[in-house]
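So the structure is just underneath, and the comments pick up after that.
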Amino acid sequence: MSATSSSLIETPPRPESELPALFAKVQTYGMIAAGLGLVLLLVAGFLTSWTEVWRGYLIAYFFWFGLSMGSLGIVFLYHLAGGRWGFIVRRPMEAGAVALVAMLVMFLPIVGLVLTSNPAVYVWLDPAKIASDPIIAAKGWYLNPGAWSSRALFSLGVFIGFAFILRQSSLRQDSAPDGDFSLASRMRQLSGLGVLFYVVLMTMIAVDWAMSIEPHWFSAIYGVLFIVGQGLSVFAFIIVMVSVLVRFQPFAAIINKDRLDEYGKLMLAFVVLWAYVNYGQYIIIWSGNIHEFTPWYLNRLGEGWIVLSVFLMLFHFAVPFALLLSRLLKRNLRLLTLVAGWVLVVRLLEIFWLIAPDFVNSFGSPLIALIMTYIAAHILLGGVWFMAFGWVLQRQPVLAANDLRNDPRAMKGQVAHA
Amino acid sequence: MAMSEPLGRAGNIERKEPYIGPGETYESITNNISDIVLVHPKDTPRGWIFGFAIAVLVLFIFLYAITDLLIRGVGVWGINIPVAWGFDIINFVWWIGIGHAGTLISAILLLFAQDWRNSINRFAEAMTLFAVACAGLFPILHLGRPWFFYWLAPYPNTFGMWPQFRSALTWDVFAISTYAFISLLFWLIGLIPDFAKMRDRSTHPVPKFFYGAASLGWRGSARHWNRYEIAYILLAGLSTPLVVSVHSIISLDFAISVVPGWNPTVFPPYFVAGAVFAGFAMVLLLMIPVRSLYGLQQYVTMKHIDNMAKIMLATGMIVVYGYLVELYIAFYSGAELELALVQNRLFGMYGWAFWALIFFNGVCIQPLWFPQVRRNLPALIVISICVSIGMWLERFVIIVGSLSTDFLPSSWAPFTPTFWDFLLYFGTFGLFFSGMLLFIRVMPMINIFEMQVLQYKEDMKREAEQQA
Amino acid sequence: MSIPIYGLMAEFEKPDQLIHATEAAHAAGYRRMDAYTPFPIEEVSEAMHFHDDLVRRIVLVAAISGMITALTLQVLGSAVDYPLNIGGRPLLSWPAFLPITFELTILFAGIAAVLSVIVLNGLPQPYHPAFNAPNFERASIDRFFLCIESNDPQFDLSATRKFLEELHPVQVSEVEQ
């Protein structure tokens with residue numbers, strides 16, 4: 001490619017020694033945000049109701065949990081397929097995956113809620129509903145506090161296990177002797193297994209945590225909707241993160257326009273994939289027009305929600321898609337970062353769209369209260385996430401060494417040559 | 001601090017196994033591949049003549065089966081009411097799915113900069129074309145009066161009618177014809193520079209004339225190459241969503257209806273994965289014998305085979321995910337209809353087919369987790385045959401299984417294929433293989449100029465390593 | 001002054017020699033030149049500073065016109081010219097119109113990509129002077145050629161020949177019109 005040589009930043013890159021301070025700052029700001037978010041959430045709770053706090057919290061949780069899951073997915077993908085783009089972000093993604101521990105802690109309140117059979121979020125916990133609704137009653141074998149909590153904790157435990165073992169092996173690889181392929185092949189095998197667990201358990205989580213909010217409705221693609229969404233979120237996040245990291249060595253030397261182009265293409269692929277799976281579900285339900293399936297869309301196509309639905313079609317798909325087709329945009333750090341930032345914003349709206357209408361239309365949440373708690377919960381959970389992310393990043397080298405497929409020296413050389 | 005230490009350590013880059021055998025040059029690549037085609041007709045390998053004779057024989061059987069169908073009508077098949085779609089639609093979906101692997105190799109792997117696809121893309125694209133030709137015949141023959149097939153196209157007509165644009169069957173017409181046409185263009189444009197090589201290599205005036213005409217006077221100008229590469233990558237970018245859309249639309253042929261078992265929302269991606277899965281099985285099934293018959297091990301290495309087996313495993317696992325998620329959601333739903341459907345799938349009239357497909361598609365591919373199996377040619381052939389059978393059975397389960405036991409139990413009826421069903425299916429192999437064998441005989445089956453690109457990259461890599 | 005030849009053709013053995021030669025020729029001020037290679041080498045067209053975005057633009061226009069064609073066809077066919085109630089669905093059923101719209105977008109764009117590369121490259125072209133160069137049949141196999149054309153303002157038979165010979169070619173030859 002022609003433009004490899006041109007640097008992405010105007011100012012000379014800052015030295016690598018300044019990176020730990022940056023990560024420490026991320027951690028501190030995360031902590032402040034978490035505290036602020038907690039206060040805001042409590043205030044929102046007093047102003048509205050605790051039911052809304054739980055609901056907003058759960059929806060926001062999906063985003064930050066998804067970001068960690070996406071990071072874990074990237075780690076798996078890197079070990080299976082390699083690629084320079086994955087090498088560059090390998091360590092941050094490992095940190096993002098390990099942040100699942102913080103996400104586990106933040107999930108415990110919801111487990112507590114379910115174990116105490118409080119039907120604030122899940123209507124299938126309400127004894128009155130179980131008694132009056134045969135469909136909910138019939139699902140009792142699957143949707144009950146004990147089974148639900150053990151499935152959730154088991155899944156989170158498995159994901160955390162993979163995240164930890166892969167990070168540990170990766171750090172050990174840094175000091176492994178030359179030509180030692182054993183760790184690399186072990187990580188590859190683990191990742192193959194990991195992808196299986198990821199897809200299967202994530203499907204289950206989507207059904208358990210989200211689909212069961214409206215226990216009458218079901219759709220087989222539902223888990224994939226979440227997996228694709230996580231993929232899109234994480235690629236948008238990677239681009240935003242890279243736009244910061246590229247101001248520092250060693251990233252300034254190895255991130256060039258070709259890499260940026262790759263990240264842009266991958267984000268574009270997920271934008272398209274998102275539209276594809278959502279359209280697939282919609283056209284099947286729209287054409288079949290069966291009363292078991294249509295309520296989900298009727299909830300989202302009436303009463304003001306239609307505005308958000310159309311907005312997402314245009315600004316979650318059409319506009320980012322059209323922009324990302326441009327090769328020039330994908331090779332321009334500032335523009336690509338803007339688009340990625342925008343994608344992150346619409347991701348927050350999309351997750352709200354995916355879950356909130358069921359609360360509002362089926363179980364009578366006041367929309368404004370739900371929005372308030374949703375925003376507060378984002379500040380809290382986002383703060384916690386970045387706190388964990390920054391904390392881990394400070395405690396590991398920023399690039400993997402001894403990587404069998406990507407040698408930072410070779411990558412530097414390539415940049416200088418072209 | 002992180003960089004300094006590892007940078008001091010050299011020589012720990014994994015020496016990647018190259019995708020082209022050692023000792024090749026630009027000239028040897030051109031000669032070895034083009035010689036297969038430029039051989040004098042009387043020196044044509046006996047194996048080819050033998051294979052072609054059989055393929056043409058089967059092709060005549062196909063024509064015979066079609067003739068009988070045209071004379072006597074679709075009543076010669078086993079289809080009935082309620083099973084109005086039988087072998088014809090199963091074969092249609094099966095064949096078109098096989099074609100998809102070709103597009104995946106030529107387009108998607110190109111976009112992902114997977115250089116190894118350079119060795120197999122031409123062959124796989126040819127497979128796509130002939131598979132689509134086989135597939136396209138079935139829905140047309142199923143029309144009842146196939147000679148009116150052009151009624152499917154939207155054109156102003158004296159009936160004053162238009163096709164029903166809200167029907168997935170009309171979408172099919174557009175999807176399949178676009179797919180066939182774009183695949184043909186992709187294949188042909190890839191052939192132009194190679195035809196120029198054939199023109200320059202041939203000594204006899206007759207092939208020189210024909211290859212010269214087909215090359216359109218290509219002279220390898222840098223300006224031409226520049227535009228050519230842009231167009232090629234654009235075509236790849238267009239074909240990638242196209243191939244996904246084609247099989248998604250085929251899945252919608254079923255999914256937009258309300259037949260039990262036809263409308264899970266996971267159908268579109270699950271059909272696409274199944275198509276690629278079956279397609280890679282067919283590529284392996286064809287490529288393994290061809291590479292050893294023509295001595296192409298230098299160009300289609302074990303590493304290629306290994307990669308293809310990996311993709312087969314990955315797509316196979318997605319298909320298995322599709323089966324599992326359908327069962328899981330049915331159990332989760334607790335809906336009477338869904339549970340009855342599962343009961344029928346697993347233990348009903350065609351339960352045997354379901355378990356057989358789980359065995360062929362789900363169990364048989366598991367050995368591919370082991371690298372030893374992925375590089376064992378006989379094992380791969382056995383697994384590929386299993387997958388081909390399994391994917392055919394999958395469509396059988398979906399189509400016949402669902403139609404024979406619709407909502408109204410009083411209308412349930414079994415489906416019994418007739419001799420003509422089997423004969424027509426068997427006959428398509430004649431069309432497919434005579435096409436493939438002709439292609440191998442008259443066109444370079446490996447993309448020569450892209451192999452040279454691969455060689456160029458290998459040379460550069462080797463030089464860089466020597467300097468280091 | 002008119003020179004009755006097409007240009008001077010230098011033959012190289014290795015791709016990097018050609019890349020270097022093309023760079024040198026461009027640096028020396030030559031503009032009307034072309035390189036001939038058996039396979040695409042991106043660095044060569046870069047060395048010539050050749051950029052052509054026309055293919056991309058044509059394809060974009062074709063894609064949009066395919067989209068418009070499909071939408072027009074479906075709206076006219078199912079809502080205006082032949083309105084028919086199908087299972088109670090609206091006449092303008094946009095979800096059902098998307099598949100065909102997508103297919104025709106791809107079809108038009110794909111045809112445009114192939115046709116534009118053929119037409120812009122001036123193909124089919126049965127005769128071209130480059131084929132007169134000795135050994136040129138190997139331009140499609142394993143040799144790399146650089147031709148400086150005689151209509152370049154800087155072209156001078158002896159000076160240009162001297163320039164090319166300094167680049168270590170296998171041979172330099174005059175190419176007839």
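A, B, ... follow the sequence lines: proteins, then strands. Residue 1 opens every chain.
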Side chain / backbone / both / neither for [X] at chain C, heavy atoms under 4.5 Å:
{"X": "E450(B)", "result": "neither"}
{"X": "E229(B)", "result": "side chain"}
{"X": "T30(B)", "result": "side chain"}
{"X": "I182(B)", "result": "side chain"}
{"X": "L235(B)", "result": "side chain"}
{"X": "Y228(B)", "result": "both"}
{"X": "P163(B)", "result": "neither"}

With a cut-off of 6.0 Å (strictly less than), are more than 12 heavy atoms of other residues, nucleotides or ligands near [atom1] of [X]?
{"X": "R31(C)", "atom1": "CZ", "result": "yes"}
{"X": "H26(C)", "atom1": "NE2", "result": "yes"}
{"X": "H168(C)", "atom1": "NE2", "result": "no"}
{"X": "K208(B)", "atom1": "NZ", "result": "yes"}
{"X": "F131(C)", "atom1": "CZ", "result": "yes"}
{"X": "F407(B)", "atom1": "CZ", "result": "yes"}

Side-chain contact, heavy-atom cut-off 4.5 Å: [X] with [Y]?
{"X": "D34(C)", "Y": "H224(B)", "result": "no"}
{"X": "D200(B)", "Y": "R138(C)", "result": "no"}
{"X": "Q125(C)", "Y": "L216(B)", "result": "no"}
{"X": "F102(C)", "Y": "P241(B)", "result": "yes"}

Evaluate the side-chain hydrogen bond (donor to acceptor under 3.5 Å, both in side chains) criterion for residues S78(C) and W162(B): first the C-alpha distance (whole Å), next the side-chain angles of each, then the deciding distance (0.1 Å), finally the verdict. CA-CA 7 Å; S78(C) 37; W162(B) 287 96; over 6 Å; no

Any chance you could measure [X], atom [atom1], to [Y], atom [atom2], to the nearest 0.5 Å?
{"X": "S221(B)", "Y": "L123(C)", "atom1": "OG", "atom2": "CG", "result": "9.0 Å"}
{"X": "I118(C)", "Y": "W218(B)", "atom1": "CD1", "atom2": "CH2", "result": "9.5 Å"}
{"X": "Y155(B)", "Y": "L73(C)", "atom1": "OH", "atom2": "CG", "result": "13.5 Å"}
{"X": "I106(C)", "Y": "S239(B)", "atom1": "CD1", "atom2": "OG", "result": "7.5 Å"}
{"X": "R223(B)", "Y": "H51(C)", "atom1": "CZ", "atom2": "NE2", "result": "12.0 Å"}
{"X": "L242(B)", "Y": "T105(C)", "atom1": "CG", "atom2": "OG1", "result": "11.0 Å"}

Closest non-hydrogen atom pair between [X] and [Y], with its separation:
{"X": "F165(B)", "Y": "I100(C)", "result": "CD2-CD1, 3.6 Å"}
{"X": "E103(C)", "Y": "T178(B)", "result": "O-CG2, 3.6 Å"}
{"X": "A222(B)", "Y": "S45(C)", "result": "O-CB, 4.1 Å"}
{"X": "Y82(C)", "Y": "G160(B)", "result": "CD1-O, 3.5 Å"}
{"X": "A96(C)", "Y": "W171(B)", "result": "O-NE1, 3.1 Å"}
{"X": "R166(B)", "Y": "P90(C)", "result": "NH1-O, 2.8 Å"}

Show your working on side-chain contact (heavy atoms from CB on, under 4.5 Å) between V114(C) and F186(B) and close with a plain yes or no. CA-CA 8 Å; V114(C) 172; F186(B) 204 13; over 6 Å; no

Given the options R219(B), K197(B), E27(B), which has more heavy-atom pairs under 4.5 Å with chain C than any of the others? R219(B)

With a 4.5 Å cut-off on heavy-atom pairs, point out which of I249(B), I189(B), I230(B), I448(B) contacts chain C the most. I230(B)

Heavy-atom pairs under 4.5 Å with chain B are the metric here; pick the option from [options] that has the most.
{"options": "A139(C), A109(C), S116(C), P126(C)", "value": "A109(C)"}
{"options": "D16(C), V44(C), L84(C), D52(C)", "value": "D52(C)"}
{"options": "P95(C), G77(C), A113(C)", "value": "G77(C)"}
{"options": "P15(C), P99(C), A63(C), G110(C)", "value": "P99(C)"}
{"options": "L107(C), D142(C), V117(C)", "value": "L107(C)"}

What part of [X] gets closer than 4.5 Å to chain B, counting heavy atoms only: side chain, backbone, both or neither?
{"X": "I41(C)", "result": "side chain"}
{"X": "F108(C)", "result": "neither"}
{"X": "L91(C)", "result": "both"}
{"X": "I58(C)", "result": "neither"}
{"X": "F145(C)", "result": "neither"}
{"X": "P83(C)", "result": "neither"}
{"X": "F97(C)", "result": "side chain"}

Name the orientation class of the two ring planes belonging to F39(C) and Y26(B) (parallel below 30°, tilted from 30 to 60°, perpendicular beyond 60°). tilted

